[in-house]
Amino acid sequence: MKHFPIFMALEGRRVVVSGGGEAALAKLRLLLKTEANLTVIASNPAPEIASWAAKGRLTLIARPMEAGDALCARLFYAANENDAEDARVADLANREGALVNIVDNLEDSQFITPAMVDRDPVVVAIGTEGAAPVLARAIKKDIEERLSPRLGLMARIGKAFRAKAEALPFGVKRREFWAEYYSKDIATSEDAKTTLDALLDKHLSAHGKEGRVDLVGAGPGDPELLTLKARKALDAADVVIYDRLVAPEILELARREAIMLSAGKEGFGPSVTQDAINEMIVSHARNGAHVVRLKSGDPTVFGRLDEEIEACEASGVAWSIVPGITSASAAVAALGQSFTKRGRNSGVRFITGHDTKGFADHDWKTLARAGEVAAIYMGKKSARFIQGRLLMHGADALTQVTVIENASRPDQRILATTLGELEPTLTQANLTGPALVFLGLAPRAALNAAQQHELEAAI
Ligand code: SAH
């Protein structure tokens with residue numbers, strides 16, 4: 001972030017604009033919404049500026065800027081639409097201690113003015129650091145459409161009601177009251193006041209809130225592969241308990257006030273024990289919190305979900321599952337392949353290389369057959385074991401095997417190999433991220449090459 005957004009207190013503060021044409025007018029239209037003490041310095045001011053000055057809305061100095069004009073100014077805008085003059089006045093203002101913006105000159109400006117959606121006192125500022133003004137305008141339009149034109153009115157009346165709302169206990173209950181108020185469609189200030197009174201009565205008489213647990217799939221890593229339901233749950237969470245594999249970009253989407261707790265688990269290995277995680281989930285929910293238990297991929301795939309559900313049931317805590325995209329789905333998409341294919345395989349297995357007891361055992365004989373397809377989760381450490389078992393049960397050493405590390409993430413890697421070469425491929429690749437091993441699948445390009453090879457061999 002090259003520019004840090006802040007909201008500056010300008011009430012009664014001096015803001016100076018040098019320039020009297022279109023550029024100055026555009027800035028003045030924004031600045032006149034503030035309670036700043038405005039001064040315009042322009043030898044040839046536009047009629048609007050003269051008329052604002054006549055009405056006392058700003059002070060007009062009708063001559064070019066001189067040293068001393070920007071003294072005590074918080075902000076200074078150089079808006080002369082003339083590079084040489086802008087550079088001269090910016091230098092003067094700079095020496096006099098003002099923060100300087102030169103209109104349409106990002107490079108030499110100390111601050112920039114964002115695109116704004118104004119529902120005063122609710123103001124949304126949008127910045128792209130000058131990279132994409134078109135995008136900023138599109139976002140502004142989008143937000144304009146989403147925010148009720150009466151939001152400002154609601155917020156002002158809401159603010160005056162804050163003391164009364166303190167009758168509700170701090171935390172979840174008070175938040176719910178405000179959330180319901182801001183979800184209402186309100187027409188007039190009278191309407192807003194009656195609604196607030198009625199809502200306060202309703203919430204004061206409501207019973208203590210019951211906590212609950214959403215067991216949510218965070219997908220394989222790419223935030224765009226998160227479901228809308230998962231986003232909504234994150235938006236409403238009081239507590240988020242997440243696994244180590246959940247991408248940081250996804251954690252950023254949680255409600256800002258949510259308590260974020262790491263469950264530290266990565267498949268297997270050093271971790272908070274499952275019992276401790278169950279206890280964490282249940283105790284927060286019993287305190288009335290909306291807990292989001294965020295698990296990588298789909299929570300129903302190798303996620304010890306049932307143990308967490310049983311813990312909730314044992315404590316009488318309500319729960320629900322929000323499915324996610326499992327990492328194998330993202331990985332197979334990255335190969336440009338499908339899991340099942342007519343004439344090749346009519347089924348696919350999701351197996352784990354490792355379970356709580358160690359290397360997991362499987363029906364190796366079936367898996368060793370030609371045309372079998374399996375997605376092996378947690379297969380990194382168990383690769384040698386799996387390879388040995390399959391070869392022992394008669395699998396062809398040339399069976400295609402693909403390893404996908406960090407599926408759907410920017411650092412995704414695809415390693416196409418064969419069953420016979422799996423071990424050395426993994427050793428050489430030195431994988432650091434989560435990885436899946438696909439048995440019987442190759443990336444589309446490699447597949448074409450192999451088919452070509454077979455074809456040539458047949459001729
Ligand atoms: N519930 C998860 C799986 C949890 S088990 C899911 O549905 O994907 C953890 C294993 O998932 C890891 O060892 C790895 O094999 C796999 N995994 C998770 N995210 C992955 C990713 N982005 N790329 C490749 N494999 C991943």
Side-chain angles (χ1 to χ4, degrees), residues 214-227 229-230 233 241-251 262-272 274 277 281 292-309 321-337 339 348-360 362 373-387 401-417 422 425-426 429-439 441 443:
D214 286 336
L215 302 146
V216 178
D222 178 354
E224 297 211 332
L225 292 179
L226 208 58
T227 65
K229 262 202 172 163
I241 302 175
Y242 60 94
D243 282 350
R244 194 155 29 168
L245 274 185
V246 176
E249 298 89 314
I250 287 172
L251 297 178
S262 162
K265 282 205 323 176
E266 188 181 357
F268 63 96
S271 60
V272 181
Q274 187 62 48
I277 297 172
I281 297 173
V292 167
R293 170 72 175 111
L294 199 57
K295 295 158 103 62
S296 76
D298 182 351
T300 71
V301 179
F302 303 128
R304 302 188 70 174
L305 182 67
D306 301 273
E307 293 163 64
E308 295 176 2
I309 292 176
I321 301 175
V322 178
I325 293 189
T326 188
S327 48
S329 294
V332 80
L335 300 193
Q337 284 289 346
F339 270 133
V348 58
R349 285 158 205 263
F350 285 10
I351 68 177
T352 172
H354 218 278
D355 59 23
T356 48
K357 293 187 222 71
F359 294 146
H362 296 285
V373 171
I376 307 169
Y377 289 71
M378 288 171 276
K380 267 193 299 188
K381 291 200 179 140
S382 48
R384 182 195 286 271
F385 171 77
I386 293 171
Q387 183 188 36
V401 170
T402 308
V403 181
I404 301 101
E405 183 194 25
N406 293 318
S408 88
R409 303 180 185 210
D411 45 1
Q412 168 177 292
R413 273 205 295 173
I414 298 176
L415 310 168
T417 180
L422 175 59
T425 307
L426 282 179
N430 191 19
L431 304 177
T432 51
L436 280 159
V437 178
F438 281 157
L439 175 71
L441 284 181

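Every number for a ligand or one of its atoms is a count from 1 in the order of the listing.
- Put simply, no part of Gly303 is less than 4.0 Å from ligand 1, judged by heavy atoms.
- Residue-level proximity to ligand 1 for Ile404 is carried by the backbone, the only part with a heavy atom below 4.0 angstrom.
- Leu431 places a side-chain heavy atom less than 4.5 Å from the side chain of Leu415.
- Proximity to Pro220 (heavy-atom distance under 4.0 Å) selects the following atoms of ligand 1: 22 (N).
- Polar contact check, Ala435 against ligand 1: a nitrogen or oxygen pair lies under 3.5 Å apart.
- When the options Leu251, Asp243, Ile241 are evaluated for a side-chain contact (heavy atoms from CB on, under 4.5 Å) with Leu294, the one that passes is Leu251.
- Contact annotation: the side chain of Lys295 approaches that of Glu308 to within less than 4.5 Å [non-hydrogen atoms, C-beta and beyond].
- Note that CD1 of Ile386 and CD1 of Ile376 are 4.0 Å apart. Values are rounded to the nearest 0.5 Å.
- Note that OG1 of Thr227 is 8.0 Å distant from CD1 of Ile325, once rounded to the nearest 0.5 Å.
- Of all the heavy atoms of Pro299, none lies under 4.0 Å from any atom of ligand 1, so neither backbone nor side chain is involved.
- Annotation for His362 and Thr352: closest pair NE2-O, 2.9 Å, computed over non-hydrogen atoms.
- Rounding to the nearest 0.5 Å gives a distance of 5.0 Å between CZ of Arg293 and CD1 of Ile277.
- Considering backbone and side-chain atoms alike, Met378 places an N or O below 3.5 Å from some N or O of ligand 1.
- Contact of the Phe350 side chain with the Thr326 side chain is registered, since non-hydrogen atoms from C-beta on lie closer than 4.5 Å.
- Between Tyr377 and Ile351 there is no side-chain heavy-atom pair separated by less than 4.5 Å.
- Ligand 1 has no N or O atom lying under 3.5 Å from any N or O atom of Glu405, backbone or side chain.
- Residue-to-ligand polar distances place Val301 within reach of ligand 1: an N/O pair is separated by less than 3.5 Å.
- Proximity of Ala331 to ligand 1 is not established, as no heavy-atom distance is less than 4.0 Å.
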Do any side-chain atoms of residues 403-410 form donor-acceptor pairs under 3.5 angstrom with protein atoms, and if so which ones, sequence neighbours left out?
from   : atom 1 : to     : atom 2 : distance (Å)
Glu405 : OE1    : Arg413 : NE     : 2.9
Glu405 : OE1    : Arg413 : NH2    : 3.1
Glu405 : OE2    : Thr432 : N      : 2.8
Glu405 : OE2    : Gly433 : N      : 2.7
Ser408 : OG     : Asp222 : N      : 3.1
Arg409 : NE     : Pro220 : O      : 3.0
Arg409 : NH2    : Pro220 : O      : 3.1
Arg409 : NH2    : Leu245 : O      : 2.8

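- In this structure, of Ser408, Ala247, Ser327, the residue bringing a heavy atom nearest to atom 17 (N) of ligand 1 is Ser327.
- Counting heavy atoms under 4.0 Å from ligand 1, residue Ile376 does not touch it at all.
- An N or O contact shorter than 3.5 Å is missing between Tyr377 and ligand 1 by distance.
- Contact annotation: Lys295 has no heavy atom less than 4.0 Å from any atom of ligand 1.
- The N/O atoms of Ala407, backbone and side chain alike, include one that comes under 3.5 Å of an N/O atom in ligand 1.
- Under a 4.0 Å criterion applied to the non-hydrogen atoms of Phe302, ligand 1 contributes the atoms 4 (C), 5 (S).
- Shown in contact with Arg409 at under 4.0 Å from a heavy atom are these atoms of ligand 1, numbered in order with element: 22 (N).
- Heavy atoms only, all atoms of each residue included: Ile414 and Ala334 are closest at CD1-O, 3.7 Å.
- Taking a cut-off of under 4.0 Å to the non-hydrogen atoms of Leu245, the atoms of ligand 1 that pass are 9 (C), 18 (C).
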